[in-house]
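Data block below; observations after.
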Amino acid sequence: MYTATFTFAKGEYDAEFHALDQAIAEFAKAIPGYAGEEAWENAETGLISTVYYWETLEALQQLIAHPKHLIAKQQQAKWINGYQIVIGQVLRSYGDGGIPHPLAASPQTAAAADRSA
């Protein structure tokens with residue numbers, strides 16, 4: 001399991017941004033291996049962070065190589081005021097089931113949690 005965390009400072013969005021963002025999101029969700037996402041906003045800094053979960057690195061790389069994603073990356077300065085991307089490998093994921101989470105039903109991370117318990 002892998003994550004791609006996109007943290008950014010929001011800028012001014014326009015119709016082009018919204019259309020591109022929607023197209024990328026639809027493509028990402030259709031990739032076999034997309035496991036879900038969650039987003040957070042820091043009220044103090046105004047930064048927004050979205051964590052995307054992927055079953056394989058190859059699935060994530062499909063999104064990275066998609067033409068619309070490449071266009072968004074080239075034009076990002078029009079819509080955001082800085083960003084950072086972190087790619088990580090999930091070693092373990094577990095919880096008490098009290099909140100919904102993209103990895104709650106993942107057999108990969110549940111098996112890792114069982115081994116570490």
Side-chain angles (χ1 to χ4, degrees):
M1 184 71 59
Y2 293 86
T3 61
T5 302
F6 178 46
T7 303
F8 63 97
K10 185 177 177 180
E12 294 295 322
Y13 299 163
D14 59 15
E16 181 184 12
F17 168 85
H18 289 293
L20 198 54
D21 186 56
Q22 181 176 354
I24 293 168
E26 289 172 4
F27 178 76
K29 292 174 184 174
I31 296 172
Y34 169 85
E37 65 189 67
E38 58 187 338
W40 306 94
E41 185 168 351
N42 183 320
E44 288 182 28
T45 65
L47 295 177
I48 298 168
S49 187
T50 304
V51 182
Y52 300 91
Y53 296 96
W54 301 91
E55 292 175 7
T56 66
L57 194 53
E58 292 77 21
L60 168 57
Q61 289 170 334
Q62 284 184 48
L63 176 64
I64 292 170
H66 189 272
K68 292 205 182 282
H69 183 267
L70 295 173
I71 290 169
K73 189 173 179 179
Q74 291 168 351
Q75 297 183 24
Q76 55 81 23
K78 290 172 35 177
W79 304 302
I80 62 175
N81 298 320
Y83 72 95
Q84 182 72 34
I85 305 220
V86 176
I87 307 296
Q89 187 170 13
V90 177
L91 299 178
R92 196 175 296 114
S93 176
Y94 55 91
D96 67 0
I99 61 170
H101 190 274
L103 300 187
S106 171
Q108 238 181 10
T109 56
D114 289 343
R115 287 192 302 270
S116 68

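These numbers were taken from a predicted model, which means no experiment stands behind them.
- Note: Ile87 CD1 to Ile64 CD1 = 5.0 Å, rounded to the nearest 0.5 Å.
- Between Gly11 and Asn81 the shortest heavy-atom distance is CA-ND2, 3.5 Å.
- For the atom pair Leu103 CG and Tyr94 OH, the distance stands at 13.5 Å (nearest 0.5 Å).
- Of all heavy-atom pairs between Pro102 and Gly36, the closest is CB-CA, 4.0 Å.
- Side-chain contact between Met1 and Gln89: absent, with no pair of heavy atoms (C-beta onward) separated by less than 4.5 Å.
- Closest non-hydrogen pair, Ala59 versus Pro32, comes out as CB-O, 3.5 Å.
- Counting only heavy atoms from C-beta outward, the side chains of Leu20 and Trp79 approach each other to under 4.5 Å.
- Residue pairs meeting the salt bridge (Lys or Arg N to Asp or Glu O under 4.0 Å) criterion with at least one member in residues 34-46, sequence neighbours excluded, do not occur.
- Every residue was checked against the side-chain hydrogen bond (donor to acceptor under 3.5 Å, both in side chains) condition with Asp21, not counting sequence neighbours, and none meets it.
- Hydrophobic clustering, with ILVMFWY side chains joined whenever heavy atoms are under 4.5 angstrom apart, groups Phe17 together with Tyr83.
- Counting only residues at least two apart or in different chains, salt bridge (Lys or Arg N to Asp or Glu O under 4.0 Å) contacts with residues 5-14 are absent.
- Residues in residues 61-73 take part in no side chain to side chain donor-acceptor pair (under 3.5 Å) pair, two or more places apart or across chains.
- The shortest side-chain heavy-atom distance between Tyr2 and Tyr53 does not fall under the 4.5 Å cut-off.
- Under the rule for a side-chain hydrogen bond (donor to acceptor under 3.5 Å, both in side chains), the partners of Glu26 that lie at least two apart in sequence or sit in another chain are Gln22.
- Distance CZ/Phe6 to CD1/Ile85: 5.5 Å, rounded to 0.5 Å.
- Taking every heavy atom of both residues into account, Ala28 and Tyr34 meet most closely at O-CB, 3.3 Å.
- Judged as a salt bridge (Lys or Arg N to Asp or Glu O under 4.0 Å), and not counting sequence neighbours, the contacts of Lys78 are Glu16.
- In terms of hydrophobic clustering, with Ile, Leu, Val, Met, Phe, Trp and Tyr side chains grouped at heavy-atom distances under 4.5 Å, Leu70 and Phe27 are assigned to different clusters.
- For Gln84, the CD atom counts as loosely surrounded, since its 6.0 Å shell holds 12 or fewer non-hydrogen atoms of other residues, nucleotides or ligands.
- Side-chain contact between Ile31 and Leu60: absent, with no pair of heavy atoms (C-beta onward) separated by less than 4.5 Å.
- A distance of 14.0 Å separates CD1 of Ile48 from CH2 of Trp40, quoted to the nearest 0.5 Å.
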